[in-house]
Undergrad: 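Right, I'll just put the structure down here and ask away after.
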Amino acid sequence: MPNVDNYDKVVMRLAPYPSGALHIGNARMVILNDEYIKKYDGELILFFDDTIGSSQLLREQNPEKAKYVLPESYDLIKEGLEWLDVTYSKIYYKSDRLQHYYEYCESLIKENMAYICFCSAKDFKENYINQKKECPHRNHTIQRNLEEWDRMLGGSYRETEAVVRLKTGMDHKDPALRDQIIMRISEAAHPRVGTKYLVWPMLEFSWAIDDYLIGVTHILRGSDLVKEDYIEDFIWNHFNWKKAQFLHYGRINFPDMKLSKTSARNKIQKGEFDGWEDPRTWSLQSLKKRGIRPEALRATLLDLGMSLSGITFSVNWLYSKNQNIIDEISDRYFYVENPVKVEVKNVPFKEKIAEPLLLPTKAEKGTRKIKVESEEGTISIYISQKDATNLKETKIIRLKDLININIDKIDLQSDHITANYESTELNREYPIIQWVPEKHNIPVKILKPDGTILNGLGEVNLKNIPMNKTIQFERYGFVNPIRLENGELFCYFTH
RNA sequence: GCUUCUGUAGUGUAGUUCGGCCAAGCAUAUGAGGCUCUCACCCUUAUGACCCGGGUUCAAAUCCCGGCAGAAGCACCA
């Protein structure tokens, strides 16, 4: 990190916009900040970037697209940070600090660095930005601008009728930086301060003020915000303030994941998603529910580093890191999806207890017991549909830790298979599959990351497992048990 | 279109500051083999990259120039 020595102490800030729970993409910003703070023994500030968001007009005309503060997200964000094990020294709210922005905005007007503009957005872009011309309002006197500023604050103008523009220069070579708006009017209500304020700052302006006031030394932001550096720097230069350092990281694309707090919010409101824990939100809350370890997410994000190039994120990186952690602590159980019944005849015992290891890599953890009983020399068990479709008549397979059976007849139409007892000893020639007794088992539902729910049966020992501790269904994958209700186990699929 | 940034194996990253130790490391993915009463884990092994073209130099992934490709910004969003 550059220029650490220019400052007594490294101070950085997390600046989430509270429009929903933090998701896997936001976590990169959080983790990188946290790692730098730890490395340089600095201070981390949580600064809710809760300005007003979209105007009242947009909220009415296009509520789907509108961006606004969601009251519950303040807590959702804190919860996510806690899960990530990120601590901060203090909390600020932008919505508490409007007076600061007003004060410095007025200074800029007084010093002829800003003016009140009455152009519409379209007009300004087409006639002035694109043609590098100054709009008529730009040359109003300071006195006039101050009067109009008072009228803006006093409510004489409605939304979109007046804005404050910074005089960065209409001939600036970068069209993105020509006389940017720094303050605008919003009639929308804010969850924390209601309609107390009518005039709200734009992101870059508010940060120019706050980063200075709260003493931030290093600012980490995505490459989508590089132009904001210019505005902050412009204002710091003008006030002759000590500057913070900017650091950037590139954008990540998340194919097959819709990573948008706004979009998640809409789907939750419509009832399409089951709250912020729905795996399709990819929120930190949902990852926790799935049994993803925060250390795995941290390591994955850290692997990406500060690279400026656009990255296509592969969720397998996360799964792989997570598996390294949970594989050696997740107990194993039998689970059969879309069960198909198998009747095994001519078994030479009345009852037999299979004793598979809870965790093969740690045999000292012991075994679990699965009992099967025969009636008139026949036992009934279930296997998964997937395994059933791979069976062939007269072929021998092994029911893991139990017996070998010789397939007799396969009738997948009626989900019924018959077989004959073959032998008991392990023989590696035979394919090994998992099974569940017909008499003692437990229904299991699994919620997949795409929102689908799958049904199956699990071994009876699942009735006595702790919730929220990942387990592995052998030859299937890892799941996180969420609740045992009405004799049914409900799990989130991990990976 | 204008502005800025970035280009190392399928994917991501290390190395680029101060050229040589990089015929390029690591992770993940994939193939093969081993271990195992899971097609998990673990072990062994294989595959696979410096965007292109010039230039400087004894020497370039690293410096310079020119292409090309990708990303971001050009909102009264953050």
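Heavy atoms only: backbone and side chains are in, while hydrogens, waters and symmetry mates are out.
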Undergrad: Would you please confirm or rule out a distance under 4.0 Å between OP1 or OP2 of B/A78 and any side-chain N or O of A/Thr51?
TA: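 Indeed, a polar side-chain atom of A/Thr51 lies that close.
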Undergrad: Does a side-chain N or O of A/Lys125 approach OP1 or OP2 of B/A75 to a distance below 4.0 Å, or not?
TA: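 A/Lys125 to B/A75 OP1/OP2: side-chain N or O found under 4.0 Å.
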Undergrad: Does A/Asp401 reach a base, just sugar-phosphate, or nothing at all? Heavy atoms under 4.0 Å.
TA: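 The residue A/Asp401 makes base contact.
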Undergrad: Side chain of A/Tyr17 only, heavy atoms from C-beta on: which candidate in B/A78, B/A75, B/C41 is closest?
TA: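 Closest nucleotide to the A/Tyr17 side chain: B/A78.
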Undergrad: Rounded to whole angstrom, note down the P distance from B/A40 over to B/G31.
TA: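 Nearest-Å result for B/A40 against B/G31 at atom P: 11 Å.
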Undergrad: Atom CG of A/Asp224 and atom P of B/U6: how far apart are they, to the nearest Å?
TA: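 After rounding, the reported distance stands at 16 Å.
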Undergrad: Regarding A/Arg251, tell me which of base, sugar-phosphate or nothing describes its non-hydrogen contacts under 4.0 Å with the strands shown.
TA: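 Sugar-phosphate only.
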Undergrad: Do the side chain of A/Glu228 and the base of B/A78 come within less than 3.5 angstrom through a donor-acceptor pair of N or O atoms?
TA: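 By the distance-only test, yes, there is a pair.
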Undergrad: If you look at every heavy atom in A/Asp211 and A/Glu232, which pair is closest and at what distance?
TA: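 Nearest heavy atoms, A/Asp211 then A/Glu232: OD2-OE1, 2.9 Å.
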Undergrad: Regarding A/Leu304, tell me which of base, sugar-phosphate or nothing describes its non-hydrogen contacts under 4.0 Å with the strands shown.
TA: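 Sugar-phosphate contact only.
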Undergrad: Please, what dot-bracket string fits RNA chain B when only Watson-Crick and G-U pairs with both distances under 3.5 Å count, crossing ones use [ ] and pairs to another strand use |?
TA: (((((((..((((......[....))))((((((.......))))))...(((((..]....))))))))))))....
Undergrad: Contact class for A/Ser314 vs. all strands (heavy atom < 4.0 Å): base, sugar-phosphate, or nothing?
TA: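 Nothing, no nucleic acid heavy atom in range.
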Undergrad: How far apart are the closest heavy atoms of A/Pro201 and A/Phe205, and which atoms are they?
TA: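 What the structure gives for the nearest pair is CB-CD2, 4.0 Å.
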Undergrad: For nucleotides 7-9 of chain B, print each protein N/O atom paired with a nucleotide N/O atom at under 3.5 Å, atom names and distance only.
TA:
none

Undergrad: Look at A/Ser307 and B/U13 and indicate whether a side-chain polar atom (N or O) is within less than 4.0 Å of OP1 or OP2.
TA: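 Answer yes for this pair, as a side-chain N or O of A/Ser307 is under 4.0 Å from OP1 or OP2.
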Undergrad: Please evaluate the base of B/U3 for a donor-acceptor partner in the side chain of A/Lys227 within a cut-off of under 3.5 Å?
TA: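 A donor-acceptor contact between them is present.
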Undergrad: Taking atom P in both B/A71 and B/A59, compute the distance separating them and give it to the nearest angstrom.
TA: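 One P to the other, the span is 37 Å.
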Undergrad: Whole angstrom is fine here: how far is it from NZ in A/Lys365 over to P in B/C41?
TA: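 Going from A/Lys365 (NZ) to B/C41 (P), I get 18 Å.
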Undergrad: Applying ring-ring contact (aromatic ring centres under 6.0 Å, His included) as the test, list every pair that has at least one member in residues 352-372 of chain A; sequence neighbours left out.
TA: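 Listed once each, the pairs would be none.
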Undergrad: Under 4.0 Å, heavy atoms only, any strand: does A/Val226 hit a base, just the sugar-phosphate, or nothing?
TA: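 No contact at all - A/Val226 keeps every heavy atom at 4.0 Å or more from the nucleic acid.
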Undergrad: With a non-hydrogen cut-off below 4.0 angstrom, is A/Lys173 in contact with a base, only sugar-phosphate, or nothing?
TA: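 Since only primed, P, OP1 and OP2 atoms lie under 4.0 Å of A/Lys173, the category is sugar-phosphate.
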Undergrad: Taking NE2 from A/His495 and P from B/U28, how many angstroms apart are they, rounded to a whole number?
TA: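 Answer to the nearest Å: 13 Å.
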Undergrad: Would you check if the distance from the ring center of A/Tyr93 to the ring center of A/His190 is below 6.0 Å?
TA: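 When the ring centroids of A/Tyr93 and A/His190 are compared, they turn out to be at least 6.0 Å apart.
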Undergrad: Assess whether side chain to side chain donor-acceptor pair (under 3.5 Å) is satisfied between A/Lys386 and A/Asn338, documenting all intermediate values.
TA: CA-CA 8 Å; A/Lys386 193 173 172 228; A/Asn338 300 322; over 6 Å; no
Undergrad: Roughly how many Å is it from CD1 in A/Ile77 to P in B/A78, rounded to a whole number?
TA: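 These atoms are roughly 14 Å apart.
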Undergrad: Identify whether any heavy atom of A/Gly305 sits under 4.0 Å from a base atom; if not, whether one sits that close to sugar-phosphate; answer base, sugar-phosphate or nothing.
TA: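 Answer is nothing: A/Gly305 stays at 4.0 Å or more from every strand.
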Undergrad: State whether A/Asp171 and A/Lys132 are salt-bridged, where the test is any N-O pair (Lys NZ or Arg NE/NH1/NH2 against Asp/Glu carboxylate O) under 4.0 Å.
TA: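 Answer for the salt bridge query: no.
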Undergrad: What does A/Cys119 touch in the nucleic acid at a heavy-atom separation under 4.0 angstrom: a base, only the sugar-phosphate, or nothing?
TA: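 Base: the residue A/Cys119, judged by heavy atoms under 4.0 Å, touches a nucleobase.
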Undergrad: Hey, does A/Leu225 reach any base, or is it just sugar-phosphate, or nothing, if we go heavy atoms under 4.0 Å?
TA: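 The residue A/Leu225 makes base contact.
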Undergrad: Reckon A/Gln472 has a side-chain N or O less than 4.0 Å from the OP1 or OP2 of B/U38?
TA: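 So the side chain of A/Gln472 is outside the cut-off, no N or O lying under 4.0 Å from OP1 or OP2 of B/U38.
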Undergrad: Take atom CZ of A/Arg332 and atom P of B/C41, then tell me their distance rounded to the nearest Å.
TA: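 So the two atoms are 9 Å apart, to the nearest Å.
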